[in-house]
2 protein chains.
Amino acid sequence: MKDITPKLISLLKEGYCTPQIARMAKKLSEPSTTLQYNIKKLEKEGSIKAYKAVFDYKKIDEGFCAFVLITLSPNEYGDPERVGRELIKHSEIESIDVITGDWEMVLKVRVSDQDAYYNFVKNVISRKGITKIKTLTSLKQLKTEFVEL
Amino acid sequence: MKDITPKLISLLKEGYCTPQIARMAKKLSEPSTTLQYNIKKLEKEGSIKAYKAVFDYKKIDEGFCAFVLITLSPNEYGDPERVGRELIKHSEIESIDVITGDWEMVLKVRVSDQDAYYNFVKNVISRKGITKIKTLTSLKQLKTEFVEL
DNA sequence: TATTTAGTTGAATAATACTCAATTATTAAC
DNA sequence: GTTAATAATTGAGTATTATTCAACTAAATA
């Protein structure tokens, strides 16, 4: 039997959703055309980047979650975004931030288990420009993407 | 004129969206009823927690983003989830994780600016049970919630 | 005040999700 | 292996919903 679930998850993780205008209109007691107009405005000015699904990642074989604190080599200090942009396409990475303080970057990463994380570090993170990393492993996730778990 | 935008943002941040089955069906060349069935299954087994919008937070007055590393007092070690659950309802908090290592918890927080963050720390974070915090301020966000910015 | 621009809204239409029943595939029991 | 039960796929029809459009109202600008 064809298992389309992985494809579905992949699409829903980054988009392929849409606002429920009628439901919001009821909730706010406003005409749906008014919401339509205002939502389109938010989209046009780029305030809304995507509509997507939030998962209980334990249940879709992405139970291992970690924050990766990254130290860049001195010659990358000037352009940490360059390193970041090379990481962006990796679907295991939920977020990428350039930060202040003891580290230069922080990633939030989701993979299936510790083994997969080891491979991720080996193949994706261990690259020229990244000097040192510190992993904070999540033991329990209470909230993610503004959604309570 | 009535400004419903804040209400819209608030609703869309945590839900009030729905999958675009027809669009995915085209993309995957599968009948939409098959997708319907599989998506409903994911929902029923709790794999999908919500459908929501992702914003360019700079454009909706939430330009200040920080990771908060938290050290708990020894008498809270046993039940870090208790502290976490009290934080969950705060809409400024994007994520809450209990972690291993030098800290017990990490939050991802979004507010309008540094002033608002100061107030957030004062009013929400500074509470019994939390001994020490370290803030990693995001200078540049390249990706968030699996969505490229 | 006049003029333009931005925002609101109801009515009509187009698109989409959803329901249901029939069919096929998979699994479990004997 | 055969049978029974369960799970998954699918097309046709219906109910909802998003979208379009034009009329109207409010706000901003000169």
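Values reported hereafter were calculated over all heavy atoms of this structure, with side chains retained and with hydrogens, waters and symmetry mates removed. Chain identifiers are assigned alphabetically (A, B, ...) following the order of the sequence lines, protein sequences preceding nucleic acid strands; residue numbering begins at 1 within each chain.
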Between B/Ile21 (CD1) and C/dA17 (C1'), how many Å, whole number?
6 Å

Kindly indicate whether the side chain of A/Leu72, heavy atoms from C-beta on, has any atom under 4.5 Å from the side chain of A/Ile130.
yes

In terms of the nearest nucleotide of DNA chain D, which residue is placed more toward the 5' end: A/Pro19 or A/Ile4?
A/Ile4

Between CG of A/Asp3 and C1' of D/dA7 the distance, given in whole Å, is 13 Å

Residues B/Thr137 and B/Tyr117: side-chain donor-acceptor under 3.5 angstrom:
no

Determine: side-chain N/O of B/Asn38 to OP1/OP2 of D/dA7, distance under 4.0 Å, yes or no.
no

Rounded off to whole Å, could you give me the NZ-to-C1' distance for the A/Lys44 and C/dG7 pair?
12 Å

Value in whole Å for how far the C1' atom of D/dA18 lies from CD1 of A/Ile39
10 Å

Strictly below 4.0 Å, N to O, side chains only: are B/Lys108 and A/Glu94 in salt-bridge contact?
no

Does a nitrogen or oxygen in the side chain of B/Tyr37 sit under 4.0 Å from OP1 or OP2 of D/dT9?
no

Taking 4.0 angstrom as the limit, do A/Lys52 and A/Glu145 come out as a salt bridge?
yes

Between B/Leu35 (CG) and D/dT9 (P), how many Å, whole number?
10 Å

If the cut-off is 4.0 Å, is A/Thr34 near the phosphate of C/dT9, judged by side-chain N/O to OP1 or OP2?
yes

B/Gln20 has an atom CD; how far is it from atom C1' of D/dT16, in whole Å?
16 Å

Do the side-chain N or O atoms of A/Gln36 get closer than 4.0 angstrom to the phosphate oxygens (OP1, OP2) of D/dT19?
yes

How are the rings of B/His90 and B/Phe120 set to each other: parallel, tilted or perpendicular (split at 30° and 60°)?
perpendicular

What is the separation between atom CZ on B/Arg23 and atom C1' on D/dT19, rounded to the nearest whole Å?
16 Å

Distance check needed: C/dA6 C1' versus A/Lys41 NZ, whole Å only.
9 Å

Between C/dT16, D/dG11, C/dG10, which nucleotide gets closest to the side-chain atoms of A/Pro31?
C/dG10

